[in-house]
Amino acid sequence: MALIGLVALKKELTDIVSGTLKTIVGFLILTGGAGILVGALDPLSAMVKDGFNLHGVVPTNEAIVAVAQDAFGAQTAIIMALGFVVNIILARLTPAKFIFLTGHHLFFMATLLAVVLGSAGVTGTNQAILGGVLLGTIATMMPALVHPFMRKITGNAPFALGHFNSLGYIVSSLTGKTVGNKEKSTEDIKISPKLDFLRDSIVMTTLTMIIMYVILAIVAGPESLKEFAGGSNYIMYAIVQAMTFGAGLAIILMGVRMILAEIVPAFQGIAAKIVPNALPALDAPTTFTFAPTAVLVGFISSLIGGLISMTIMGPLGLVLIIPGMVPHFFDGGTSGVFGNATGGRRGAIIGSFINGILITVLPAILLSFLGSLGLSNTTFGDSDFAWVGVIMGYIAKLGVGGMYAAVIIVSGLFITLASYVSIKDKKAQAQESE
């Protein structure tokens with residue numbers, strides 16, 4: 001995408017090579033940082049499970065997708081490719097001019113659709129067309145619905161959010177708007193001069209994680225970490241993993257800055273030539289630099305929401321969902337940023353707390369639509385995967401003719417809603433600039 005954009009802008013060859021390589025390196029840095037962070041979170045989930053004697057399903061997108069590829073790999077690839085084409089077409093033809101560039105989330109959603117359709121007996125061409133159309137529609141709609149709130153965070157920066165926990169971010173934003181006060185931002189929290197070093201988001205996050213890891217390690221005991229720590233002291237291992245988490249976050253932020261510095265200018269070429277006035281929809285960590293304290297507040301509040309939600313899973317007749325640290329950090333942290341933008345500290349806390357409930361209850365409801373994969377010890381972790389999977393699960397019961405009619409109707413409603421929100425948001429943006 002960066003290469004095409006720079007060529008469309010008729011940049012010099014040196015600029016094209018430089019911009020393309022920096023974008024690739026930025027994404028590799030982002031992916032590498034996420035890998036480090038995910039690895040550091042693995043023992044944390046084990047400590048929660050052993051320390052509180054909890055057994056159930058841990059939502060982790062990477063895990064469920066890896067399990068699904070053996071049976072649905074080819075179908076996933078076809079749905080993903082078709083979905084991206086549909087996204088470009090819809091961005092070209094409708095007022096919702098957003099192109100979803102978070103590749104791994106497109107891949108995850110394509111996998112979900114392939115699994116749900118395949119588990120319902122829908123295969124071949126029908127599976128590819130139905131999944132691709134719905135994927136492209138959702139990839140256009142969700143950035144459009146969340147963008148009015150995204151603008152408040154970024155100050156009208158020329159990019160949107162492309163991350164499939166958008167339902168959680170919208171709910172967090174509306175919650176903050178309802179119960180909070182955006183003038184009392186998390187970023188304005190007063191800190192003693194002696195603790196001024198805590199204003200550094202990396203330092204603050206790392207210290208918080210060290211405290212959390214050590215407490216959980218003590219509660220869970222050395223046996224919980226024996227498999228991870230090998231022969232090393234389990235407390236020291238927990239501390240090192242907490243600091244590794246901080247390192248992963250620092251790497252992610254570095255990658256985000258590099259990507260934005262290169263892909264946003266390059267994307268202007270694509271927008272001008274292929275989809276005029278389109279915005280690139282990028283990954284959730286692009287919001288972290290705008291309110292780093294809110295990220296930490298959101299993570300903790302979302303995790304608390306997830307832990308409390310576990311108590312209602314039994315009475316609701318649902319499978320126990322053990323909070324996955326990866327979705328609670330990325331989804332909860334981003335929800336904190338959105339809640340803070342509309343409702344300050346209270347918005348960040350309450351909004352991300354509700355997000356924690358959503359990403360605990362919704363994945364449990366989704367399990368029944370995943371066929372044999374529903375018996376795995378993992379599932380999809382973000383809110384949009386859950387509600388999309390449930391809708392497609394019901395659609396898949398309608399027969400081939402009914403499925404096509406339902407997908408056309410649902411996609412039409414989704415695009416109408418996205419177009420309405422986009423038109424309304426553009427009017428609001430124009431009024432703000434006057």
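Worth saying up front: this structure is predicted, and the values here are computed from it rather than measured.
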Test item: [X] and [Y] side chains (from C-beta on) under 4.5 Å apart, heavy atoms:
X	Y	value
D384	M142	yes
I99	P280	no
I391	L134	no
L135	F84	no
V390	I365	yes
I129	Y404	yes
I415	S419	yes
T102	L106	no

ask   = Which residue pairs satisfy the salt bridge (charged side-chain N to carboxylate O under 4.0 Å, His left out) criterion with at least one member in residues 139-157, sequence neighbours excluded?
value =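 Sorted result for residues 139-157: R151-D425, R151-E432.
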Could you tell me which non-hydrogen atom of [X] sits nearest to which non-hydrogen atom of [Y], and how far apart they are?
X	Y	value
V421	A144	CG1-O, 3.5 Å
S309	G356	OG-O, 4.4 Å
A284	T334	CB-OG1, 3.4 Å
R92	P276	NH1-CD, 3.2 Å
M313	V319	CE-O, 3.3 Å
K97	N277	CB-O, 4.0 Å

key: Worked verdict on I36 versus I251 for side chain to side chain contact (heavy atoms under 4.5 Å, CB included)   = CA-CA 9 Å; I36 292 172; I251 293 171; 3.5 Å; yes
task = With rounding to the nearest 0.5 Å, note down the distance linking CZ in F330 to CZ in F288.
result =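 Reported to 0.5 Å precision, the distance equals 6.0 Å.
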ask   = What is the distance from atom CD1 of I29 to atom CD1 of I24, rounded to the nearest 0.5 Å?
value =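 These two atoms lie 12.0 Å from each other.
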request  = Over 60° means perpendicular and under 30° means parallel, so classify the ring planes of F385 and F380, tilted if in between.
outcome  = tilted
inquiry  = Classify the ring geometry of Y237 against F228: parallel below 30°, tilted from 30° to 60°, perpendicular beyond 60°.
reply    = parallel
Measure from the side-chain N and O atoms of [X] to the backbone N and O of [Y], and report whether any donor-acceptor pair falls under 3.5 Å.
X	Y	answer
K177	G343	no
S352	I349	yes
T311	I308	yes
N340	A348	no
T175	I350	no
S301	G298	no
Q75	T123	no
H105	H163	no
T286	D283	yes
H147	A160	no

ask   = Taking everything shown except K182 itself, do over 12 heavy atoms lie less than 6.0 Å from its NZ?
value =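 No, NZ of K182 has 12 or fewer neighbouring heavy atoms, counting only those of other groups under 6.0 Å.
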ask   = With respect to H104, which candidate in F100, F108, F107 satisfies the ring pair (Phe, Tyr, Trp, His ring centres under 6.0 Å) definition?
value = F108
task = Check the pair Y394 / F369 against ring pair (Phe, Tyr, Trp, His ring centres under 6.0 Å), numbers first and verdict last.
result = CA-CA 9 Å; Y394 282 113; F369 295 93; 5.2 Å; yes
inquiry  = Taking side-chain hydrogen bond (donor to acceptor under 3.5 Å, both in side chains) as the definition, give me every residue that meets it alongside D15, ordered by chain and number, with sequence neighbours left out.
reply    =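 Partners of D15 by the side-chain hydrogen bond (donor to acceptor under 3.5 Å, both in side chains) criterion come out as none, since no residue qualifies.
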message = Please determine whether ring pair (Phe, Tyr, Trp, His ring centres under 6.0 Å) holds for the pair F329 and F245, giving the CA-CA distance in whole Å, both sets of side-chain angles, and the decisive distance to 0.1 Å.
response = CA-CA 11 Å; F329 176 74; F245 181 96; 5.0 Å; yes
query = Between T154 and F290, does a side chain to side chain contact (heavy atoms under 4.5 Å, CB included) hold up when you go through it step by step?
reply = CA-CA 7 Å; T154 65; F290 294 95; 3.8 Å; yes
task = Start with the C-alpha gap between F149 and F338, add the side-chain angles, then the distance that decides, and say whether ring pair (Phe, Tyr, Trp, His ring centres under 6.0 Å) holds.
result = CA-CA 7 Å; F149 306 111; F338 275 88; 7.2 Å; no
ask   = Does the side chain of N355 pick up a donor-acceptor pair with the side chain of S172 at under 3.5 Å?
value =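 No, because no side-chain N or O of N355 sits under 3.5 Å from a partner of the opposite role on S172.
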task = Could you go through the side chain to side chain contact (heavy atoms under 4.5 Å, CB included) check for L282 and L161 one step at a time?
result = CA-CA 5 Å; L282 305 175; L161 182 70; over 6 Å; no
Steps toward side chain to side chain contact (heavy atoms under 4.5 Å, CB included) verdict (S302, I359) = CA-CA 9 Å; S302 181; I359 63 175; 4.0 Å; yes
